[in-house]
Each structure stands twice: as C-alpha cells, then as structure tokens.
2 protein chains.
Amino acid sequence: MSVRHTGVTTDPVIVRDDEQAACDVREVLDRIGDKWTVLVINELAHGVRRFRRLQRDVPGISQRMLTLTLRRLERDGLVVRTVYPTVPARVEYALTPTGHSLTSVLKAVADWAAEHRHTVIESRARWDSGTGAPGPGVDA
Amino acid sequence: MSVRHTGVTTDPVIVRDDEQAACDVREVLDRIGDKWTVLVINELAHGVRRFRRLQRDVPGISQRMLTLTLRRLERDGLVVRTVYPTVPARVEYALTPTGHSLTSVLKAVADWAAEHRHTVIESRARWDSGTGAPGPGVDA
DNA sequence: CCGCATCCATCACGATACTG
DNA sequence: CAGTATCGTGATGGATGCGG
C-alpha cells in the first residue's frame, strides 16, 4: 500500500488501490445498475416530481418498479420524499445534494457512450457476422 | 453536449438532450452493470492477462462467468483475445483502446463512491432503524 | 392519487461435469 | 490450460388487484 501526496482530497494520504476502487464501483453499480434507477434520477434532475408525473415521464416503468426504485433511492439518501396530507395524498420526490452529485457521474458515462457507441456497435456487428476477421483496426 | 466533436454526422446538428443521454447511460449500464465485467476490466487494466490468471485475480468468479464476460467484452470490442497455438493452448486477453477508455469512467464512479459511501451507508442505517429520525442536514 | 401485495415469467449466476 | 454443456436457483421485473 503506497502513499502518495496528491493533496487533492482532505482525506488522509493513503491512496486507495484500484482493487478497492473496483469494489466501490461494484457497490455503486449494484445501486444504479438496475433497469430504472438512472432514468428516474435523470427525471428528478429536472426538478421536483410527483409520483404520477414520474411514471408518465419514465416510459414503460410500472407502478411497482417506480415505487421500489424510489424507496431504494430514498433509503440511500439520494432522494427525499415529501408527503402532503391533502385529501388525495400528494407526494413529491426530489434529489438530495448527494443524489444530485450522482448526475455528474451519469454524465461521464453518457459522454463515454456518445463517443464510443458507434465503435461498439460496429464491433458487435463484426462479431455477429461470424467472421473472426478483425478488419482494419479494432479501434480508432 | 459534444455532438460536433465527432466529424461523423449522418444527422443534422441535433443536440443530444438528457433523455438521449439517459438512454445512453442505460445501454452502458447494461454492459458493465453485471456482476463481473468491471472487475475483469479492472484486472485487465493492469496489463495483458491469461485466462487462469484472471480467474485467480478475480476472486469468486467461475469459469463459466469469466468466459461469458470475456466473450461479451470481446464482442463489444473492449477486449482482444489472442490465441497462441502452443500445445496447451495459451490465450491472452488485453484491453483495446476503447476498453481502456472505459477505465476513466470507472474511475469517476469509484471517486463518487469514495466520496459518498459514508453518507449513503449512514442514510441506509437510519432507514433501517425504522424511521423518524432525520439526521443533521440530509437535505438542503 | 399513491402504493402495497401477490402471482408469475425470465434470466443471471453458480456448481458441476466433460472436451481439446 | 482453456474452454463448452447442462442443470438448478435466487433475484429481477412485469401484470394485476386491493387498500389508504
């Protein structure tokens, strides 16, 4: 375990090795790697939303999955749930600062996708063509 | 976002909205969101690896899952597989440039995890403690 | 309007055994 | 060493119906 002095963080100077980092990534992926979480977060990034609105804006999501997703996000402190005791109960969901900070990461992923999507699709097409011919360079 | 970045435009200059971005994120997550992919990528980020070595260095992975994971990565052009026709066949796996570029994204995720892990764990603990006690400044 | 409960299909994954 | 094939299982998620 080596010690560096990047001084970027306020943490002690012990550097997290990449095995630890990989483990962290897996943890996060276990949270946001499911089918709906990122879509819900993305929608909430636009602002406060009510349940129905979310279900409309996230096409294809079922009530059950929306509820489950929101509960998990709330449990992890990424989303806050506010209930207004009106007659037909009204509930609003909003990102916490922590939740909002996740959008930066999501953006990084989106940027990567935008840049490499074409390459990946191409590679997949070659693979599915049955040919083992790598062609002119696997990557640009 | 950077659409004009790529000179390859079959479409007019359409700006990617965040719904498109969210969709991209989901696609990527479908690839790397599984149990082993990021761990294998992380290992390959260290350098070229043979099958056995990978299985040893990624604790808990089965032969089957390692094969599946590597095949998917190869199909998507993130990993190259090289076979040496020696007597006991020898196979080496390595990240392509595209695959390597993913490590940057993974690092972003790891950084987020490192920074917010504690907060999330805390929030989860509160949630599991039944409820009711909103801690100090969870939300703004 | 909001959300939980139940049933059910699918699939990712693990264990095991076998081949080249 | 480097896989492939097969089977069993738990988790994920969709559909539906009820409750507050």
Side-chain angles (χ1 to χ4, degrees), chain A residues 22-23 25-41 43-44 48-76 79-94 127 130 132, chain B residues 22-23 25-41 43-44 47-76 79-94 127-128 130-131:
Chain A
C23 183
V25 172
R26 284 275 340 110
E27 280 183 30
V28 177
L29 257 38
D30 277 340
R31 299 289 140 191
I32 70 173
D34 69 331
K35 191 170 180 178
W36 301 109
T37 296
V38 296
L39 299 175
V40 170
I41 289 180
E43 197 52 42
L44 288 177
V48 177
R49 290 287 184 274
R50 296 181 56 178
F51 190 89
R52 266 297 185 194
R53 171 77 185 276
L54 278 175
Q55 193 176 7
R56 265 183 287 111
D57 290 341
V58 181
I61 195 171
S62 64
Q63 264 185 349
R64 170 188 150 85
M65 290 317 295
L66 181 53
T67 300
L68 284 179
T69 302
L70 287 169
R71 284 302 170 281
R72 281 194 283 249
L73 287 172
E74 194 190 355
R75 183 173 108 105
D76 288 350
V79 158
V80 273
R81 179 173 175 263
T82 311
V83 182
Y84 297 90
T86 58
V87 181
R90 177 178 139 191
V91 183
E92 285 182 353
Y93 295 92
W127 179 274
Chain B
C23 185
V25 173
R26 283 272 342 107
E27 281 182 29
V28 177
L29 257 38
D30 277 340
R31 299 290 140 189
I32 70 172
D34 70 327
K35 191 170 180 179
W36 301 108
T37 296
V38 296
L39 299 176
V40 171
I41 289 180
E43 198 51 43
L44 287 177
V48 178
R49 290 288 185 274
R50 296 179 57 176
F51 190 89
R52 264 297 185 194
R53 172 77 185 275
L54 277 175
Q55 193 175 7
R56 266 183 285 110
D57 289 341
V58 181
I61 195 171
S62 63
Q63 267 181 352
R64 170 187 148 86
M65 290 318 295
L66 181 54
T67 300
L68 285 179
T69 301
L70 286 169
R71 285 299 172 282
R72 280 193 285 249
L73 287 171
E74 192 189 357
R75 184 174 105 105
D76 287 351
V79 158
V80 275
R81 177 172 177 267
T82 311
V83 182
Y84 298 90
T86 56
V87 182
R90 174 177 141 190
V91 183
E92 285 182 350
Y93 294 91
W127 178 275
D128 293 341
T131 173

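Throughout, a chain's letter reflects where its sequence line sits, starting with A, and its residues are numbered from 1.
Scanning for side-chain contact (heavy atoms from CB on, under 4.5 Å) contacts around A:A89 gives an empty result, with sequence neighbours left out. Residues passing the salt bridge (Lys or Arg N to Asp or Glu O under 4.0 Å) test with A:R90 are A:E92, sequence neighbours excluded. Applying the side-chain contact (heavy atoms from CB on, under 4.5 Å) rule to A:R75 yields the partners A:R31, B:R124, B:W127, B:D128; only residues at least two apart in sequence or on another chain are considered. When the side-chain contact (heavy atoms from CB on, under 4.5 Å) test is applied to B:V91, the partners found at least two apart in sequence or on another chain are B:R81, B:V83, B:Y93.
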- Task: Given side chain to side chain contact (heavy atoms under 4.5 Å, CB included), test B:T67 with B:R71 step by step and report yes or no.
- Result: CA-CA 6 Å; B:T67 300; B:R71 285 299 172 282; 4.3 Å; yes
- Query: Step by step, would you call A:V58 with A:T69 a side chain to side chain contact (heavy atoms under 4.5 Å, CB included)?
  - Reply: CA-CA 12 Å; A:V58 181; A:T69 302; over 6 Å; no
- Give the C-alpha distance, both sets of side-chain angles, the deciding distance and a yes or no for side chain to side chain contact (heavy atoms under 4.5 Å, CB included) between A:L29 and B:V38. CA-CA 9 Å; A:L29 257 38; B:V38 296; 3.4 Å; yes
- Query: Can you check side chain to side chain contact (heavy atoms under 4.5 Å, CB included) on B:L68 and B:W36, steps first, answer last?
  - Reply: CA-CA 10 Å; B:L68 285 179; B:W36 301 108; over 6 Å; no
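Extent of DNA chain C lying under 4.0 Å from chain B heavy atoms, first and last nucleotide in 5' to 3' order, is C:dC13 to C:dA17. Once you apply a 4.0 Å limit to the heavy atoms of chain B, the touched nucleotides of DNA chain D run 5' to 3' over D:dC1 to D:dT6.
Residue pairs meeting the salt bridge (Lys or Arg N to Asp or Glu O under 4.0 Å) criterion with at least one member in residues 52-65 of chain A, sequence neighbours excluded: A:R49-A:D57, A:R53-A:D57.
End-to-end axis angle for the helix from C:dC1-D:dG20 to C:dG20-D:dC1, using five pairs per end and rounding to 10°, comes out at 40°.
Listed in residue order, the members of residues 84-91 of chain B having a heavy atom less than 4.0 Å from DNA chain C come to none. Within a heavy-atom distance below 4.0 Å of DNA chain C, the residues of residues 59-69 of chain A found are A:Q63, A:R64, A:T67. Contacts of residues 50-58 of chain A with DNA chain D (heavy atom under 4.0 Å): none. Heavy-atom distances under 4.0 Å link DNA chain D to A:D34 of residues 25-34 of chain A, given in residue order.
Using a 4.5 Å heavy-atom cutoff, the side chains of A:V40 and A:I61 are in contact.
Scanning all heavy atoms of the two residues, the minimum distance from B:Q63 to B:Q55 falls at N-NE2, 3.4 Å. Minimum interatomic distance between A:L44 and A:L54 (heavy atoms only, all atoms of both residues): CD2-CD2, 4.0 Å.
B:D30 has a carboxylate O that lies under 4.0 Å from a charged side-chain N of B:R26, or vice versa, which qualifies the two as a salt bridge.
Residue B:R72 is classed as a sugar-phosphate contact, given heavy-atom separations below 4.0 Å to backbone atoms only.
The CD1 atom of B:I32 lies 8.0 Å from the OG1 atom of B:T37; values are rounded to the nearest 0.5 Å.
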